[in-house]
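A quick write-up on the structure given underneath.
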2 protein chains.
Amino acid sequence: MVAASADTARGAELAHNASFLLARASAVASQRDNRALAPLGLKVRSFSVLALALDAQPPTQREIAEFLRLDPSQVVALVDDLESRGIVARETDARDRRAKVVAVTDAGRALYAEARELVADVTTHLDAADASAFLRSVEQLAFEEE
Amino acid sequence: MVAASADTARGAELAHNASFLLARASAVASQRDNRALAPLGLKVRSFSVLALALDAQPPTQREIAEFLRLDPSQVVALVDDLESRGIVARETDARDRRAKVVAVTDAGRALYAEARELVADVTTHLDAADASAFLRSVEQLAFEEE
DNA sequence: TATTGTTATACTCTATAACTATA
DNA sequence: TATAGTTATAGAGTATAACAATA
């Protein structure tokens, strides 16, 4: 595969198209991480839910859905899976009994520690000088207003 | 939505996770571009095929599949759509009569010029100082070896 | 009346295997 | 024997609407 930089190379018109570059980079990264996490029975999605449940203030399913840009109904299935395996537990939110807070169990905490070792640190794949600018930028794009 | 930078904020554990950040940024970007392209009957996918067909050396379907990380069978459907609308045309590759080269028609060239105006320039959404490092990095990640 | 989680459903996207024509 | 495109199909992911419990 040839890089998309030179004007005469394959994909010259796409070389600076954000949607294309992000889609391809995202596919590469999540495919790699899904493979790495497979031995633990996790995917990037379920790993992300687990990571969110570790927040100092555990999130409701609604908050998980917004943060991961998923439909609330998709979060149901993800939490169902993690809960059935004893990795997280649903707890009724004391402040709003409609909402369910997703809390990590001790087993979940241990699993996360293992999983974190398996997912790639993006900066190891980048020129060191560009890494911090990349993280700033991708976070900026990820959390843009609609 | 709160940014994922501070250690006590929502998503602290995910703030530097490449798969998550890239997936979210990719979702934001392609959703925006899909909306922008809708009036022309294009999506990011079909726009990308059209852009590739504009290469100095028009690509075969196989080359399009590799570049966009799609299965060849998905490219069939995308080219079917574009061809039925007179935007591209399949031509048997003279050097290998199994392969089909995807060439842009004059109508396709005109449509692409319109479409290119509609898709967002990523750099307008970034801190100017970070933009070039971001493009270098995301391209590096997008075209990493498996 | 509005919102959270849930279920059901349809739609799109993705992955796989088989077929044909060429190599 | 292997490869490019095609077709069919099944699985995963996504989007929408409706419902019960709660606000």
Side-chain angles (χ1 to χ4, degrees), chain A residues 19-20 23-24 26-28 30-35 37-38 41-49 52-53 58-84 88-103 146, chain B residues 19-20 22-24 26-28 30-31 33-35 37-38 41-49 52-53 58-84 88-103 146:
Chain A
S19 289
F20 159 69
R24 202 182 201 280
S26 174
V28 168
S30 66
Q31 197 171 307
R32 181 179 53 214
D33 284 350
N34 278 338
R35 258 199 292 264
L37 290 169
L42 293 174
K43 294 186 172 189
V44 169
R45 277 287 166 74
S46 42
F47 172 81
S48 296
V49 171
L52 280 178
T60 64
Q61 293 188 190
R62 179 70 47 167
E63 289 169 324
I64 292 172
E66 280 173 16
F67 198 84
L68 300 180
R69 288 181 69 92
L70 301 176
D71 191 86
S73 62
Q74 297 177 256
V75 177
V76 171
L78 287 164
V79 174
D80 279 350
D81 171 55
L82 292 176
E83 189 173 44
S84 73
V88 302
R90 287 176 166 97
E91 298 170 0
T92 302
D93 190 337
R95 298 157 307 179
D96 181 345
R97 291 173 51 210
R98 292 173 302 182
K100 290 179 187 167
V101 165
V102 178
E146 305 296 285
Chain B
S19 289
F20 159 69
L22 286 169
R24 200 180 202 280
S26 174
V28 169
S30 66
Q31 196 170 308
D33 283 349
N34 278 338
R35 259 200 292 264
L37 290 169
L42 292 175
K43 295 186 172 188
V44 169
R45 276 289 164 75
S46 42
F47 173 81
S48 296
V49 171
L52 279 179
T60 64
Q61 292 187 191
R62 178 72 45 167
E63 289 171 322
I64 292 172
E66 281 173 15
F67 198 83
L68 300 180
R69 287 182 69 93
L70 302 176
D71 191 86
S73 62
Q74 298 177 254
V75 176
V76 171
L78 287 163
V79 174
D80 278 352
D81 171 55
L82 292 176
E83 189 173 45
S84 73
V88 302
R90 285 179 167 95
E91 297 170 1
T92 302
D93 190 336
R95 298 157 307 176
D96 181 346
R97 291 173 51 209
R98 290 173 304 183
K100 289 179 188 170
V101 165
V102 178
E146 306 296 287

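Atom set for the values below is all heavy atoms of this structure, side chains included, hydrogens, waters and symmetry mates excluded. Letters go in sequence order (proteins before strands), and every chain restarts at 1. On a predicted model such as this, the values are computed, not experimentally measured, just so you know.
- Leu68(A) has its CG atom 14 Å from the C1' atom of dG13(D), to the nearest Å.
- Every residue meeting the side chain to side chain contact (heavy atoms under 4.5 Å, CB included) condition with Ala65(B), not counting sequence neighbours, appears here in chain and number order: Pro72(B), Val75(B).
- With hydrogens and angles ignored, the 3.5 Å screen pairs a side-chain donor or acceptor of Glu63(B) with a backbone N or O of Thr60(B).
- Side-chain nitrogen and oxygen atoms of Lys43(A) include at least one within less than 4.0 Å of the OP1 or OP2 phosphate oxygen of dG13(D).
- With hydrogens and angles disregarded, a donor-acceptor distance shorter than 3.5 Å links the side chain of Arg24(B) to the backbone of Phe67(A).
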Each nucleotide of nucleotides 14-23 of chain C classed B (base within 4.0 Å of a protein heavy atom), S (only sugar-phosphate) or -, in 5' to 3' order, makes S-B----BBS
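- Asp81(B) places its CG atom 15 Å from the C1' atom of dC13(C), with the value rounded to the nearest Å.
- Between Arg62(A) and Asp96(A), none of the side-chain N atoms (NZ, or NE/NH1/NH2) sits under 4.0 Å from a carboxylate O, so this pair counts as no salt bridge.
- Picking from dT6(D), dT6(C), dT4(C) the nucleotide with the shortest atom distance to the side chain of Gln61(A) gives dT6(C).
- The interatomic distance linking Arg62(B) (CZ) with dT6(D) (C1') rounds to 11 Å, in whole Å.
- For Ala23(B), the side chain to side chain contact (heavy atoms under 4.5 Å, CB included) partners at least two apart in sequence or on another chain are Ser26(A).
- Remark: C1' of dT4(C) and CZ of Arg90(A) are 12 Å apart, rounded to the nearest angstrom.
- No salt bridge links Glu91(B) with Lys100(B); every basic N to acidic carboxylate O contact stays at or beyond 4.0 Å.
- At whole-Å resolution of the value, CD in Glu83(A) and C1' in dT6(C) are 13 Å apart.
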